[in-house]
Protein chains: 2
Amino acid sequence: MRIGLLDRILEISSLLQLDMKHAFTGTSLTESRVHVLWVLHHSGPSTQQALAEALKVTPRTISALVDGLAASGYVQRRTHPSDRRAVLVTLMEDAERMMSKMAADHARLTTDLESVIDEADRPAFIRGVDAVAHRLRQLVHEEEVRYDTVGGSDLSLDEDSTA
Amino acid sequence: MRIGLLDRILEISSLLQLDMKHAFTGTSLTESRVHVLWVLHHSGPSTQQALAEALKVTPRTISALVDGLAASGYVQRRTHPSDRRAVLVTLMEDAERMMSKMAADHARLTTDLESVIDEADRPAFIRGVDAVAHRLRQLVHEEEVRYDTVGGSDLSLDEDSTA
DNA sequence: TATTGTTATACTCTATAACTATA
DNA sequence: TATAGTTATAGAGTATAACAATA
């Protein structure tokens with residue numbers, strides 16, 4: 001067995017990450033901050049709770065990310081119309097324009113990547129990707145259940161402080 | 001247009017990352033540290049320079065990662081036989097055993113993921129994955145060249161301090 | 001002079017815990 | 001009592017710059 005499917009996918013993941021990283025070096029943007037902007041662009045003004053769920057991080061982390069984005073003028077915290085505890089993180093106009101450009105780049109890259117796959121292979125390819133994604137969702141979900149009940153893995157040398 | 005290829009791949013990436021994260025919560029291991037161990041397991045004792053190249057981070061970052069791994073007993077710094085400036089980061093015996101288990105898990109997951117793809121689709125699927133990986137390598141390489149010469153992107157609101 | 005790794009410093013992401021204001 | 005967000009604190013990853021020891 002040479003290079004397996006998993007290694008190929010991992011390489012693609014790391015290449016995509018590199019691609020993102022390159023796109024933002026020299027700016028105040030980072031992957032996490034862009035992730036916030038991406039959610040705002042697609043969902044509209046959102047509470048920090050909603051952002052925390054979308055990014056799967058704690059609310060505290062969102063506070064820090066929003067601080068950074070606000071300092072650079074990408075977003076603004078606005079008062080929530082009906083809940084005075086909450087805040088609506090809102091994209092500024094320039095940032096909205098920038099995100100539209102980014103979405104266009106995203107669509108362009110999608111087309112680009114699809115175009116390098118032989119047309120005859122595409123349906124099978126998409127089926128395969130969906131099957132893999134579905135299986136991974138299943139596996140991650142199983143782990144989350146196990147994790148919430150017992151937790152931990154046997155892959156480490158660390159002392160097991162469960163005792 | 002519904003969900004495009006790129007979004008599907010990005011979802012798979014994030015699921016794989018989650019999967020890794022779950023596997024190591026509760027231990028002193030992290031994705032970066034495991035990456036170091038993985039390289040050591042596959043390449044044998046390595047200088048920190050070599051590790052820096054493999055992980056595409058600065059040597060300084062490797063110092064910190066190796067410090068953490070050494071403190072937990074995963075690796076040891078040994079003297080390089082022919083270059084007294086260099087150090088050979090070496091897997092400890094227990095860690096070596098652990099990495100063999102991890103490699104087995106990795107192989108198992110590869111098989112698992114392959115098995116959910118319809119057998120008739122597999123050849124086309126692999127061709128597609130390879131084509132996409134190849135195209136991404138090309139794109140990242142182009143960016144690296146452009147980045148080394150001019151640098152920066154037009155995707156940000158930050159002041160351009162090139163002036 | 002160039003290379004290997006370190007110390008010093010700093011920024012970002014992330015988490016938990018305690019707290020404030022509001023529901 | 002529960003929820004939204006913050007302050008306080010801490011650990012990890014990362015980077016640049018200056019420096020030591022060795023090639």
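Chain identifiers are assigned alphabetically (A, B, ...) following the order of the sequence lines, protein sequences preceding nucleic acid strands; residue numbering begins at 1 within each chain.
Taking the six-membered ring for Trp and thresholds of 30 and 60 degrees, B/His106 and B/Trp38 have ring planes inclined between 30 and 60 degrees apart.
Residue B/Leu51 contributes atom CG, which lies 14 Å from atom P of D/dG13 at whole-angstrom precision. Summarising the geometry, the separation between CD on A/Gln49 and P on C/dT22 is reported as 17 Å, rounded to the nearest angstrom. In this structure, the CD atom of B/Glu31 is 16 Å from the P atom of C/dC13, given to the nearest Å. Taking atom CZ of residue A/Phe24 and atom P of nucleotide C/dT12, one finds them 16 Å apart after rounding to whole Å. Put simply, NE2 on B/His80 is 20 Å from P on D/dA21, counting in whole angstrom units. Following rounding to the nearest Å, A/Lys21 (NZ) and D/dG13 (P) show an atom-to-atom distance of 15 Å. We find that CZ of B/Arg33 is positioned 14 Å from C1' of C/dT14, with the value rounded to whole Å. As rounded to whole Å, 19 Å separates atom C1' of C/dG5 from atom CZ of B/Arg78.
One finds the OG atom of A/Ser13 at 14.0 Å from the CZ atom of A/Arg8 (value rounded to the nearest 0.5 Å).
In this structure, A/Tyr74 contributes its side chain and A/Leu37 its backbone to no donor-acceptor pair below 3.5 Å. In this structure, the side chain of A/Ser72 does not engage the main chain of A/Leu69 through any donor-acceptor pair within 3.5 Å. Side-chain atoms of A/Asp158 come within 3.5 Å of backbone N or O of B/Ser28 as a donor-acceptor pair.
Backbone-only engagement by B/Leu65 is indicated by non-hydrogen atom pairs under 4.0 Å involving sugar-phosphate atoms exclusively. Nucleic acid contact class of A/Thr30 (heavy atoms, under 4.0 Å, all strands): sugar-phosphate only. Base contact: A/Thr58 has a heavy atom under 4.0 Å from a base atom.
No more than 12 heavy-atom neighbours from other residues, nucleotides or ligands sit within 6.0 angstrom of CD on A/Glu53.
Closest to the side chain of B/Arg77, out of C/dA15, D/dT14, C/dT6, is C/dT6. Distance from the side chain of A/Thr47 is smallest for D/dG5 among the nucleotides C/dA15, C/dG5, D/dG5. Looking at the side chain of A/Gln48, the nearest of the listed nucleotides C/dG5, D/dT6, C/dT14 is D/dT6.
B/Ser46 and B/Ser43 share no side-chain donor-acceptor pair at under 3.5 Å.
When each of B/Ala50 and A/Asp83 is assigned the nucleotide of DNA chain C bearing its nearest heavy atom, the one mapping closer to the 5' terminus is B/Ala50.
The phosphate of D/dT14 (OP1 or OP2) has a side-chain N or O of B/Ser32 nearer than 4.0 angstrom. The phosphate of D/dA15 has OP1 or OP2 within less than 4.0 Å of a side-chain N or O from B/Thr61. For C/dA23, one of the phosphate oxygens OP1 or OP2 lies less than 4.0 angstrom from a side-chain nitrogen or oxygen of A/Arg84.
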Below 3.5 Å between N/O atoms, which protein atoms pair up with nucleotides 7-10 of chain C? Just atom names and distances, please.
{"from": "C/dT7", "atom 1": "O4", "to": "B/Arg60", "atom 2": "NE", "distance (Å)": "3.2"}
{"from": "C/dA8", "atom 1": "N6", "to": "B/Arg60", "atom 2": "NE", "distance (Å)": "3.1"}

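The base of C/dT3 sits within donor-acceptor range of the side chain of B/Arg85, with an N or O pair under 3.5 Å.
Contact between B/Leu55 and B/Ser32 at its shortest, heavy atoms only, is CD2-O, 3.9 Å.
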